[in-house]
Amino acid sequence: MADHTRALQREAWAAVVGALPVPAALVDEAGCVLVGNRWLGVEDGATLLRHNADVAPGLAFGADGATRWRVRPLDKTDDSEAAVLLATAERLHASDHLLRRFFSSGESLFVVYDQAGRVVESNKAWENLLGYSADEVFGLDSWTLLPPDDLTTRARVEADLRDHGRAEPVFQMRRADGSFRLVKWALHFDTTVGRCFGIGRDITDEDRIAQELHRRATTDELTGLANRSTFVDALSEALADGALPSVMFMDLDNFKVINDSLGHHAGDILLAALGRRLDDLAVSHDSLVGRLGGDEFVVMLRDSTVERAIGAATETIEAMEEPFLLHGRSVQMHLSIGISHAVPGADADALLGEADTAAYEAKERGRAQFVVFDSQLRDTVNRRFNVEASLRTALDEDRIDVMFQPIVQLPGRGVVGAEALVRLRSHDGAISSPGQFLDVAFAAGLMPRIGRRVLELALKAGRELIDADRHMTLSVNLSASELGQPDIVDYVASALDHSGFPAEDLLIEITESVVLATDATIPVLHQLRELGLRIALDDFGTGFSSLAHLRQLPIDVVKIDRSFVADLERDPVTRALTASLIDLCTTLQKDVVVEGIETADQASAVEQLGAHRAQGFLFHRPMPFAELHGLVTNANRVAHELVL
Ligand code: C2E
Ligand code: MG
Ligand code: MG
């Protein structure tokens with residue numbers, strides 16, 4: 001086709017794009033109208049259709065060779081007709097020009113299709129985006145630009161155009177080089193001209209950024225699993241749909257050890273590998289796996305039962321039997337799993353919280369376990385929650401108190417020392433014993449704070465007694481978490497310094513379980529001893545009761561547990577055992593204190609067995625410091641007076 005012809009054609013099509021209505025007066029009986037110096041065919045008697053390139057009277061053919069128009073020359077003799085036609089032609093020409101400029105400028109894609117979806121006009125932006133030349137574009141079936149499998153989009157768009165005259169689809173459009181661009185279209189079908197007009201915008205990059213932002217917002221970077229918010233959303237959605245999902249909350253046992261010993265990079269590799277393993281398992285369970293952060297993973301089993309969840313948890317625990325490979329080392333890991341199951345009306349956060357609580361309980365019970373959340377666990381949790389809250393406020397408001405239980409000499413029952421025992425004072429003055437809150441304090445990590453306050457109060461009390469001219473040993477209990485504090489030795493040293501209480505009068509009580517908690521404890525005990533204080537092994541006879549410990553541990557005093565005392569009178573075996581224990585300790589040059597003496601018979605029994613120190617309700621119950629002060633300073637005075 002000659003360039004000239006092409007140019008003319010495009011110009012005419014620009015007018016078509018505008019769908020310019022042609023005043024009926026200008027259309028001749030043959031359906032033609034003169035525009036400028038050209039005759040144009042008119043369809044439906046109203047709209048410019050297609051111009052004839054080589055205007056001549058008679059029959060003319062369109063560029064496709066099929067379209068034909070009847071044309072006639074302008075009747076130059078009729079001035080008025082000529083003038084009107086000329087004016088109209090100029091107006092049309094001006095709009096045509098404006099439209100063409102608008103059409104071809106800018107980045108927006110403009111395209112016109114015929115009813116079969118063939119391109120009849122397009123602008124430069126459209127051609128550039130899809131990589132076709134203007135020649136290739138003309139007559140192109142636009143539907144062939146869509147991915148071949150995207151038939152639904154086509155059907156929907158055709159239906160929308162047919163029913164509403166407009167559609168706003170987003171298409172993946174195939175470029176000439178085979179790649180795809182994502183284009184958002186506003187399509188409008190004009191029944192007057194039988195054409196579809198489209199204005200499009202290339203949103204490929206925009207979409208990529210949006211998708212990346214979405215991915216970041218919804219997935220966990222390290223594992224690619226759902227993150228917390230996605231998981232909670234999915235759980236909420238499942239609940240809203242009426243499903244009754246189960247949630248498994250998983251926590252790696254001893255993950256900290258990996259991080260500390262092999263480094264954070266190894267820790268990350270492990271978490272990613274665990275994520276893959278859980279995700280593989282999830283495929284068989286119709287479930288969603290997420291990572292909440294750290295070593296906490298969660299799984300939602302969509303429509304589940306407790307039995308199904310237990311099955312999945314068992315499978316997950318089994319799947320952990322295969323070791324992970326970290327920096328060439330094979331590492332065996334275990335998971336603690338908590339299971340919660342939705343009841344109608346359940347809420348996602350609560351369900352997740354219950355599974356978390358059950359996982360916590362599973363961890364408490366030992367490694368590689370699962371626990372199902374139930375109402376009993378709920379009560380335990382509520383209690384823990386309340387106790388922890390009141391402990392924290394008690395600490396903040398300095399309502400941690402200490403009672404002192406005297407330790408007496410046998411025979412004679414003279415007070416030779418006192419054990420500081422923590423108490424919690426409530427606002428109304430009620431006192432709680434350690435049995436009511438120590439487990440929660442341990443679990444909540446509050447023990448170091450509590451222990452420091454107790455040590456401070458005990459040393460202060462000891463100092464006051466010295467000021468009252470009464471020297472005695474003060475015992476303070478120390479838990480594993482306190483001994484595990486990196487600065488414990490420095491702290492005890494400075495507390496001693498600060499109080500002015502002599503180190504040799506301080507007795508630190510620990511239990512065997514404290515010693516066994518970590519390998520690091522024994523060196524700490526040695527360092528504490530180097531400060532000049534002494535160490536007592538508390539509650540001996542409960543738990544491990546290892547005689548080897550008596551020999552090997554850096555301890556000065558053994559406190560024989562009250563369970564021995566209780567059986568002393570009626571059980572000859574216990575009696576014999578206690579006797580040998582006291583003997584052994586004497587041989588090992590350890591002082592012995594027998595705890596829990598409640599009756600005079602018990603007192604004389606232990607005395608007969610050779611014990612020289614005892615503690616128990618028979619002698620004194622734990623008492624406030626003022627009472628102890630009165631007791632021992634009075635005794636001091638009495639003793640003094642007796643001597644005089
Ligand atoms: P413990 O160190 O063995 O302390 C002795 C416990 O036995 C005290 O209970 C005391 O009141 C009780 N007791 C003393 N004599 C008798 C008796 O004749 N009969 C009976 N039935 N009981 C007697 P308490 O004060 O309730 O303390 C319980 C445990 O809590 C302590 O056992 C100790 O393990 C721990 N504890 C107390 N205060 C502290 C503290 O400040 N820090 C740490 N880490 N633990 C503490
Ligand atoms: Mg004790
Ligand atoms: Mg004890």
Side-chain angles (χ1 to χ4, degrees), residues 391 394-395 399-408 410 413 415 417-425 431-461 473-485 488 492 495 506-515 517 521 534-543 545 555-568 591-603 605-606 611 613-625 627-628:
L391 258 179
L395 272 164
R399 285 187 281 104
I400 299 293
D401 248 350
V402 168
M403 294 278 223
F404 293 89
Q405 185 178 31
I407 294 170
V408 300
L410 292 178
R413 303 187 182 186
V415 177
E419 177 174 5
L421 295 161
V422 67
R423 297 291 183 267
L424 203 66
R425 198 168 17 89
I431 302 287
S432 318
S433 293
Q436 295 165 271
F437 59 84
L438 273 195
D439 59 334
V440 178
F442 286 126
L446 294 172
M447 229 26 232
R449 268 181 86 186
I450 294 176
R452 286 178 185 212
R453 185 67 187 134
V454 170
L455 180 66
E456 217 173 85
L457 289 171
L459 294 177
K460 182 167 169 270
T473 302
L474 282 185
S475 304
V476 174
N477 295 280
L478 234 63
S479 61
S481 51
E482 290 162 80
L483 273 183
Q485 297 281 296
I488 181 69
V492 173
L506 178 64
L507 190 66
I508 296 280
E509 297 193 9
I510 51 150
T511 60
E512 280 180 299
S513 56
V514 168
V515 182
T521 318
R534 292 180 304 146
I535 311 273
L537 192 59
D538 203 356
D539 301 346
F540 191 80
T542 57
S545 310
I555 50 167
D556 309 278
V557 176
V558 177
K559 294 187 79 173
I560 297 180
D561 190 68
R562 70 166 187 266
S563 54
F564 282 74
V565 176
D567 290 344
L568 214 52
D591 285 341
V592 174
V593 178
V594 184
E595 298 184 280
I597 310 277
E598 292 180 352
T599 66
D601 288 345
Q602 288 169 346
V606 296
R613 298 264 190 281
Q615 185 179 355
F617 292 171
L618 172 69
F619 313 117
H620 302 281
R621 285 184 175 261
M623 57 183 73
F625 175 66
E627 207 174 304
L628 176 75

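Just so you know, ligand 1 is whichever comes first in the structure, and atom 1 is the first atom listed for that ligand.
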CD1 of I535 to OG of S475: how many Å apart, nearest 0.5 Å? 11.0 Å

Would you check whether G596 reaches within less than 4.0 Å of ligand 1, judged by its heavy atoms? yes

Of the side chain and backbone of E595, name the one, both, or neither that has a heavy atom under 4.0 Å from an atom of ligand 1. side chain

Note: L410 and A603 closest approach over all heavy atoms is CD1-O, 4.3 Å

Do N477 and T511 have side chains that approach each other closer than 4.5 Å (heavy atoms only, starting at C-beta)? no

Can you report which non-hydrogen protein atom sits closest to atom 42 (N) of ligand 1, along with the distance? N477 O, 3.4 Å

Mind checking the CG-CG spacing from L474 to L455? Nearest 0.5 Å is all I need. 10.0 Å

Selection from R562, E509, R423, Q405 by shortest heavy-atom distance to atom 25 (O) of ligand 1: R423

For atom 35 (C) of ligand 1, grab the closest protein heavy atom and report residue, atom and distance to one decimal in Å. L438 CD1, 3.5 Å

Mode of V454 contact toward ligand 1 - side chain, backbone, both, neither (heavy atoms, under 4.0 Å): side chain

Where ligand 1 meets M447 - atom numbers and elements under 4.0 angstrom, heavy-atom basis: 42 (N), 43 (C), 44 (N)

Are P622 and ligand 1 in contact, using a heavy-atom cut-off of under 4.0 Å? yes

Which atom of P622 lies closest to which atom of L421, heavy atoms considered: CG-CD1, 3.8 Å

Minimum-distance N/O/S atom that E419 presents toward the Mg ion (ligand 2): OE2

Shortest heavy-atom approach to atom 18 (O) of ligand 1 - which of F619, F617, F437, F442: F617

Starting from atom 21 (N) of ligand 1, locate the nearest protein heavy atom and write down its residue, its atom name and how far away it is, to 0.1 Å. E598 OE2, 3.1 Å

Considering all heavy atoms, the nearest F540-F564 contact: O-CE1, 3.7 Å

Which residue holds the protein heavy atom closest to atom 31 (C) of ligand 1, what is that atom called, and what is the gap in Å? L421 CD2, 4.3 Å

Which of the N/O/S atoms in D539 sits closest to the Mg ion (ligand 3)? OD1

Correct closest heavy-atom pair for S479 and M447 would be OG-CG, 3.3 Å

Main-chain N/O of S433 paired to Q436 side chain as donor or acceptor, under 3.5 Å: yes

Measuring from atom 26 (O) of ligand 1, which candidate in P434, A458, A536, A420 has the nearest non-hydrogen atom? P434

dist I508:CD1 -> D538:CG (nearest 0.5 Å) comes out at 11.5 Å

Any N/O/S atom, side chain or main chain, of E509 closer to the Mg ion (ligand 2) than 2.8 Å? yes

Check: E598 side chain, G616 main-chain N or O, donor-acceptor pair, under 3.5 Å: no

One finds that the ligand 1 atoms under 4.0 Å from a non-hydrogen atom of E482 are 44 (N)

Are any of the heavy atoms in R621 under 4.0 Å away from ligand 1? no

Test of understanding: given a 4.0 Å heavy-atom threshold, classify the contact between S479 and ligand 1 as side chain, backbone, both, or neither. both

Kindly give the atom name of the N, O or S atom of D538 closest to the Mg ion (ligand 3). OD1

If the cut-off is 4.0 Å to any non-hydrogen atom of I597, which atoms of ligand 1 fall inside it? 18 (O)

Are V565 and E595 close enough that some pair of their side-chain heavy atoms sits under 4.5 Å apart? no

Nearest heavy-atom contact between L628 and P406 is CD1-CG, 3.9 Å

Would you mind telling me if ligand 1 is within reach of the side chain of D538, the backbone, both or neither, using heavy atoms under 4.0 Å? side chain

Going from CD1 on I597 to CG on L618, what distance comes out if it is rounded to the nearest 0.5 angstrom? 7.5 Å

For the backbone of R425 and the side chain of R399, can you confirm whether one donor and one acceptor N or O come within less than 3.5 Å of each other? yes

Please report whether atom 8 (C) of ligand 1 has a protein non-hydrogen atom at a separation of less than 4.0 Å. yes

Under 4.0 Å, heavy-atom basis, I'd like to know which part of T511 is in contact with ligand 1: side chain, backbone, both or neither. neither

Does a donor on one side chain sit under 3.5 Å from an acceptor on the other, for T599 and D601? no

Among the N/O/S atoms of E595, select the one at the shortest distance from the Mg ion (ligand 3) and name it. OE2

Going by heavy atoms, is K559 under 4.0 Å from ligand 1? no

Would you say N477 has an N, O or S atom lying under 2.8 Å from the Mg ion (ligand 2)? yes

Shortest non-hydrogen contact between F437 and S432, atoms and distance: CE2-O, 3.4 Å

Answer with side chain, backbone, both or neither: which part of E419 has a heavy atom less than 4.0 angstrom from an atom of ligand 1? side chain

What residue and atom, counting heavy atoms only, is the protein's closest point to atom 38 (N) of ligand 1, and at what distance? V422 N, 3.0 Å

